[in-house]
Number of protein chains: 2
Amino acid sequence: MESVTEARLASALRLSVMRLSRRMRQERSSSLSPTQIATLATLERHGTMTLGELAAAERVQPPSMTRVIAFLSDAGLVSRSAHPTDGRQVIASLTPAGAALLASDRAQRDEWLAGRLAALSAEELATISHAAPILDALANS
Amino acid sequence: MESVTEARLASALRLSVMRLSRRMRQERSSSLSPTQIATLATLERHGTMTLGELAAAERVQPPSMTRVIAFLSDAGLVSRSAHPTDGRQVIASLTPAGAALLASDRAQRDEWLAGRLAALSAEELATISHAAPILDALANS
DNA sequence: TATTGTTATACTCTATAACTATA
DNA sequence: TATAGTTATAGAGTATAACAATA
């Protein structure tokens with residue numbers, strides 16, 4: 001009856017994860033859109049990237065990434081520079097202000113959740129600690 | 001050092017949950033928008049509701065819910081009726097077609113996740129089983 | 001008057017199509 | 001010619017403001 005168990009667990013897990021992600025989304029207080037924040041995070045993770053690479057990473061079309069980068073650049077959160085050898089390409093990288101905003105945004109989000117976690121028992125915290133990497137593996141599988 | 005542990009766990013859990021929810025969102029193959037699906041699910045959970053109650057439940061403004069219900073009603077997924085005693089209010093309820101679509105949508109979403117769960121060990125499945133209700137409690141806290 | 005829902009209008013985010021500049 | 005990015009334009013989803021109907 002393994003498959004029955006998995007089907008039921010899948011249903012329960014999906015609902016729980018979606019509810020928690022929705023709640024976390026509501027608790028954010030950033031002035032940037034999800035894609036703008038994600039773009040900053042991707043730049044932090046990968047260092048400098050071309051506009052096309054960023055569009056592929058965020059799964060948006062190039063014109064959309066053009067707008068995202070234009071906004072972030074105007075806000076001083078990323079810098080745009082010409083590619084050293086290919087004049088067609090545009091290189092984007094995180095500015096110190098962008099990195100700082102990302103860190104503060106991240107801390108704000110974590111703050112709400114950390115407060116909730118403080119109300120859990122040690123056993124529940126242990127369960128969550130073990131579950132987090134498993135959820136991560138599921139997301140990447 | 002309890003708070004340090006919780007802060008780190010909060011960060012890890014938030015990332016894992018967001019990644020998995022994003023992945024699950026990508027795996028959906030519904031023709032309805034997230035809000036439209038959520039509205040059907042809320043109606044299934046609560047039975048008949050007024051348009052104002054639905055707007056509050058989904059955290060959208062009344063005009064937005066007017067549009068959602070108009071679309072779902074045109075599609076035959078919900079029925080609209082007058083309130084028995086208050087002529088201003090509009091009562092919405094799920095039709096059999098709406099319930100069927102919801103069930104099929106849910107099964108489609110569960111299918112992908114169940115397939116991934118099948119690759120986990122018994123111990124990992126047990127961890128996830130215990131974690132799901134805790135995530136739910138976090139979402140509702 | 002206050003409340004429920006609708007209509008009118010605008011904004012944000014993203015897409016496709018057409019275009020410019022460089023390879 | 002092919003490719004990287006931009007500009008022009010359109011569509012989906014949601015919001016606020018103004019309005020109509022009912023309490």
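Proteins come first, then strands; the chains are lettered A, B, ... in the order of their sequence lines, and each starts at number 1.
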Side-chain donor/acceptor of B/Glu53 to backbone N/O of B/Thr50, under 3.5 Å: yes

Positions of residues 70-78 of chain B (non-hydrogen atom under 4.0 Å from DNA chain C), listed by number: none

Between N or O atoms, less than 3.5 Å apart, protein on one side and nucleotides 2-6 of chain D on the other: list the pairs.
{"residue": "D/dT3", "atom": "O4'", "partner": "A/Arg88", "partner atom": "NH1", "Å": "3.2"}
{"residue": "D/dT3", "atom": "O2", "partner": "A/Arg88", "partner atom": "NH1", "Å": "3.0"}
{"residue": "D/dG5", "atom": "OP1", "partner": "A/Leu51", "partner atom": "N", "Å": "3.4"}
{"residue": "D/dG5", "atom": "OP1", "partner": "A/Val90", "partner atom": "N", "Å": "2.8"}
{"residue": "D/dG5", "atom": "OP1", "partner": "A/Val90", "partner atom": "O", "Å": "3.4"}
{"residue": "D/dG5", "atom": "OP2", "partner": "A/Gly52", "partner atom": "N", "Å": "2.8"}
{"residue": "D/dT6", "atom": "OP1", "partner": "A/Arg80", "partner atom": "NH1", "Å": "3.2"}
{"residue": "D/dT6", "atom": "OP1", "partner": "A/Arg80", "partner atom": "NH2", "Å": "3.0"}
{"residue": "D/dT6", "atom": "OP2", "partner": "A/Thr66", "partner atom": "OG1", "Å": "2.5"}

Are any non-hydrogen side-chain atoms of B/Leu40 and B/Gln36 less than 4.5 angstrom apart? no

Phosphate-side-chain proximity, B/Ser64 and D/dA15, N/O vs OP1/OP2 below 4.0 Å: yes

Under 4.0 Å between a side-chain N/O of B/Thr35 and OP1 or OP2 of D/dT14, yes or no? yes

Taking the minimum atom-to-atom distance to the side chain of A/Ser33, which one of C/dC13, D/dT14, D/dG13 wins? C/dC13

Salt-bridge test for A/Arg106 and A/Asp110: reply yes if a basic N is under 4.0 Å from a carboxylate O, no otherwise. no

Atom pair distance, as rounded to whole Å: CD1 in B/Ile37 and P in D/dG13: 12 Å

I'd like to know whether A/Gln89 forms a side chain to side chain donor-acceptor pair (under 3.5 Å) with A/Asp86, so could you lay out the CA-CA distance, the side-chain angles of the two residues, the decisive distance to 0.1 Å, and finally the verdict. CA-CA 6 Å; A/Gln89 299 190 38; A/Asp86 186 339; 3.2 Å; yes

Any side-chain donor-acceptor pair under 3.5 Å between B/Ser79 and B/Thr95? no

CG of B/Leu32 versus C1' of D/dA12: gap in Å, rounded? 14 Å

Whichever of A/Thr85 and A/Val60 has its nearest DNA chain C nucleotide further upstream toward 5': A/Val60

Do B/Leu120 and B/Leu113 sit in the same hydrophobic cluster, where Ile, Leu, Val, Met, Phe, Trp and Tyr count as joined when their side-chain heavy atoms come under 4.5 Å apart? yes

Ignoring hydrogens and angles, tell me if any N or O in the side chain of B/Ser141 forms a donor-acceptor pair with the backbone of B/Leu138 under 3.5 Å. yes

Under the criterion side chain to side chain donor-acceptor pair (under 3.5 Å), I'd like the reasoning laid out for A/Glu58 against A/Thr42: C-alpha separation, chi angles, the key distance, then a yes or no. CA-CA 8 Å; A/Glu58 299 308 327; A/Thr42 298; 2.3 Å; yes

